[in-house]
Amino acid sequence: MTSDWRDNRIASALRGENPAVVRRLDAGFAAIGDVQFLPGYSVLLVDEPGVRRLSDLPRAKRLAFLSDMDRLGEAVERACLRTDPAFRRVNLEILGNTDGFLHAHVWPRYDWEPADRVSLPVWLYPRDRWTDGRYALGPRHDALRAALGEELDRTGASGDGEK
């Protein structure tokens, strides 16, 4: 066992030891983000250790991962609409610049964001947003986490939720 679930997020999810995981999906795990400076930030983790990029997956699994990304994006959208009337939209990203495993980011965006930030990529926010403990995932995010899980349940395994 690893010393910390963050050392290997996919292996810890497969073992049921990753506390950020909200739901198991068809090709991965929906997880709430470690930081919540944009409440509802979530990550889709591939369920196969060693997969570094989308193209490493067989086509059927690749399409399942992208479908899971869509499903998570919709769930984040619905959960954020329920919890914050200033919700604006979601941004979906597969980057792979830092972590060496396939994952997708689902970033909610809000009308209350600073005008000089709201139209830019989240990655241009100051670095302290990722490191300042004020934004760390914690018990105060339990309601949002529950809403995200409920929305994922509503879409079901086929991802055919209704708007």
Side-chain angles (χ1 to χ4, degrees), residues 1-83 87-110 113 118-125 129-130 137 141 144-163:
M1 183 168 145
T2 59
S3 60
D4 185 342
W5 61 271
R6 290 176 196 88
D7 293 339
N8 191 329
R9 292 171 187 270
I10 295 168
S12 64
L14 288 166
R15 290 190 309 267
E17 298 171 358
N18 183 330
V21 170
V22 176
R23 292 290 184 278
R24 176 74 159 94
L25 303 179
D26 293 333
F29 298 92
I32 193 163
D34 295 1
V35 295
Q36 292 291 308
F37 64 88
L38 293 173
Y41 165 57
S42 297
V43 180
L44 175 63
L45 303 169
V46 71
D47 63 2
E48 293 187 26
V51 171
R52 297 179 47 81
R53 43 188 93 66
L54 189 61
S55 59
D56 289 344
L57 294 172
R59 184 156 184 76
K61 184 80 177 233
R62 187 181 316 169
L63 293 174
F65 184 83
L66 292 172
S67 179
D68 284 351
M69 182 176 164
D70 170 63
R71 183 175 168 200
L72 180 56
E74 184 176 353
V76 168
E77 179 179 319
R78 289 180 177 191
C80 291
L81 277 168
R82 284 171 50 185
T83 58
F87 170 77
R88 183 182 180 118
R89 69 175 37 101
V90 295
N91 293 154
L92 304 169
E93 303 174 315
I94 297 176
L95 301 171
N97 299 327
T98 303
D99 294 318
F101 54 88
L102 177 60
H103 61 287
H105 300 273
V106 180
W107 286 103
R109 302 304 299 263
Y110 295 93
E113 290 180 68
V118 73
S119 64
L120 298 174
V122 170
W123 308 106
L124 296 179
Y125 266 91
R129 299 297 172 110
W130 282 267
L137 179 64
H141 301 107
L144 182 57
R145 180 190 177 102
L148 179 59
E150 290 166 11
E151 294 301 338
L152 283 164
D153 291 344
R154 285 183 63 187
T155 62
S158 64
D160 60 357
E162 304 216 4
K163 285 205 171 199

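Side chains included, hydrogens not; waters and symmetry mates left out as well; all remaining heavy atoms used.
In this view, Leu66 and Leu54, Met69, Ile94 satisfy the side chain to side chain contact (heavy atoms under 4.5 Å, CB included) rule, not counting sequence neighbours. With sequence neighbours excluded, the residues satisfying ring pair (Phe, Tyr, Trp, His ring centres under 6.0 Å) with Phe37 are Trp107, Tyr125, Trp130. Partners of Pro49 by side chain to side chain contact (heavy atoms under 4.5 Å, CB included), not counting sequence neighbours, listed by chain and number: Ile10, Leu14. Partners of Arg145 according to the salt bridge (charged side-chain N to carboxylate O under 4.0 Å, His left out) rule, which considers only residues two or more places apart in sequence or in another chain, do not exist here. In this view, Arg129 satisfies the salt bridge (charged side-chain N to carboxylate O under 4.0 Å, His left out) rule with no residue, not counting sequence neighbours. Shown here are the salt bridge (charged side-chain N to carboxylate O under 4.0 Å, His left out) partners of Arg109, two or more places apart in sequence or in another chain: Glu113. Residues passing the salt bridge (charged side-chain N to carboxylate O under 4.0 Å, His left out) test with Glu150, sequence neighbours excluded: Arg82. A search for side chain to side chain donor-acceptor pair (under 3.5 Å) contacts involving Arg88 returns Asp111, not counting sequence neighbours.
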Trace of the side-chain contact (heavy atoms from CB on, under 4.5 Å) decision for Val122 with Leu38: CA-CA 9 Å; Val122 170; Leu38 293 173; 3.8 Å; yes
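Between Val106 and Leu44, every side-chain heavy-atom pair lies at or beyond the 4.5 Å cut-off.
Shortest non-hydrogen contact noted between Thr155 and Leu152 is OG1-O, 2.8 Å. Considering all non-hydrogen atoms of both residues, His103 and Phe101 come closest at ND1-O, 2.7 Å. The two residues Ile32 and Val22 make their nearest non-hydrogen contact at N-CG2, 3.8 Å. Shortest non-hydrogen contact noted between Glu77 and Val90 is N-CG1, 4.0 Å. The nearest pair of heavy atoms linking Pro108 to Cys80 is CB-SG, 3.7 Å. Leu72 approaches Ala30 most closely through the heavy-atom pair CD1-CB, 3.8 Å.
Using modelled atom types, one side-chain atom of Tyr110 and one backbone atom of Pro39 make a donor-acceptor pair closer than 3.5 Å. Under a 3.5 Å cut-off, the side chain of Asn18 and the backbone N or O of Ser12 do not form any donor-acceptor pair. Not one N or O on the side chain of Ser67 forms a donor-acceptor pair closer than 3.5 Å with the backbone of Leu63.
Checked for salt-bridge contact, Arg154 and Glu151 meet the test: a charged N lies under 4.0 Å from a carboxylate O.
Note on residues 36-51: pairs passing side-chain hydrogen bond (donor to acceptor under 3.5 Å, both in side chains), not counting sequence neighbours, are Arg24-Asp47, Tyr41-His105, Asp47-Lys61, Glu48-Lys61. Residue pairs that meet the ring-ring contact (aromatic ring centres under 6.0 Å, His included) test with at least one member in residues 58-80, sequence neighbours left out, do not exist here.
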